[in-house]
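Just below is one structure, and these are the notes that go with it.
Bear in mind that the values here come from a model prediction, so they are computed numbers and not experimental data. Note that these values count all heavy atoms, side chains included, but never hydrogens, waters or copies made by symmetry. Whatever order the structure lists ligands and atoms in, that order sets their numbers, starting from 1.
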Amino acid sequence: MKLTFLGTRGNIEAKTSRHRRHTNLMVSFKGKNVLIDCGEDWKNKVYDLNPHAIVITHAHPDHSFGLKEGAPCPVYAPEDAYSEIKKYKIDKLEKVGHRKKFNVRGISFEAFPVEHSIKAPAVGYRVKAGKHTVFYAPDLVYIYDRKEALEGAALYIGDGATIRRSFVRKRGDTLIGHTPIRTQLTWCRKEGVPKMIITHCGSEIIKGDERKLGKKIREMAPERRVEAEIAYDGMEILLR
Ligand SMILES: [Zn+2]
Ligand SMILES: [Zn+2]
């Protein structure tokens, strides 16, 4: 399985050459390419990428508004995003059920509900191709079934909106926003995931000195016996 981090920027104005475009991930296996998320930045450009399929996490602008002009392939959207994406010119739109595994061109996906937004409920995906499993959750406060989501995963690809400070807010009984990288590293340690890749970078990373921040994050990670790396646009990871 090959992972290509085409975009690594969160829903913020700031951008750099390392984090230019909205967060998404191309998963490639045996010549087939499945794109997870298609934010506003990817509108029309998604035709150049020309994936075999697109899988969506939630209906926020930086994750699905790139589909407003249509898509070159089938699109898979979880229940909550489906009603929004249905309004776009998509020829083949499939509804994804929570915790129901589905296969896209030889790659297995399972949507795990995550807490993140009331208006645009989100999922993370457990992705399996060949013998490797990874979990991808670019925006979240927490994963409901964390143990099942992360069990046996080689990588946890998570939310880089904030390093230590909490961006979690309370709306009634619900928590919304983004949990810090530090907390996500703790989840990795608890569930035995050896490495976190940080994507969906917020202004702390994008406006900061990435070399220093990378060091700071790596210092937080080993005390949790977890490796950590900040993704950048174009970064590739090959799992074999
Ligand atoms: Zn986002
Ligand atoms: Zn979001």
Below 6.0 angstrom between ring centroids: does that apply to Phe112 and Phe135? yes

Centroid separation His22 to His200 less than 6.0 Å: no

Could you tell me whether any N, O or S atom belonging to His63 is less than 2.8 Å from the Zn ion (ligand 2)? no

Measure from the Zn ion (ligand 2) to each N, O or S atom of Asp139 and report whether any distance is below 2.8 Å. yes

Taking the Zn ion (ligand 1) as the reference point, name the nearest N/O/S atom of Asp62. OD2

What N/O/S atom of His200 is the closest to the Zn ion (ligand 1)? NE2

Is any side-chain N of the basic residue among Glu191 and Arg146 closer than 4.0 Å to the acidic one's carboxylate O? yes

If the plane angle is over 60° it's perpendicular, under 30° parallel, otherwise tilted; pick one for Tyr76 and Phe102. parallel

Check the orientation of His116 and His60. Use parallel for under 30°, tilted for 30 to 60°, and perpendicular for over 60°. perpendicular

Please give the atom name: the N, O or S atom of His58 nearest to the Zn ion (ligand 2). NE2

Do any of the N, O or S atoms of His22 sit under 2.8 Å from the Zn ion (ligand 1)? no

Examine all N, O or S atoms of His60, backbone included, and report whether one is under 2.8 Å from the Zn ion (ligand 1). no

Cation-pi, Tyr82 ring and Lys86 (6.0 angstrom, 45 degrees): no

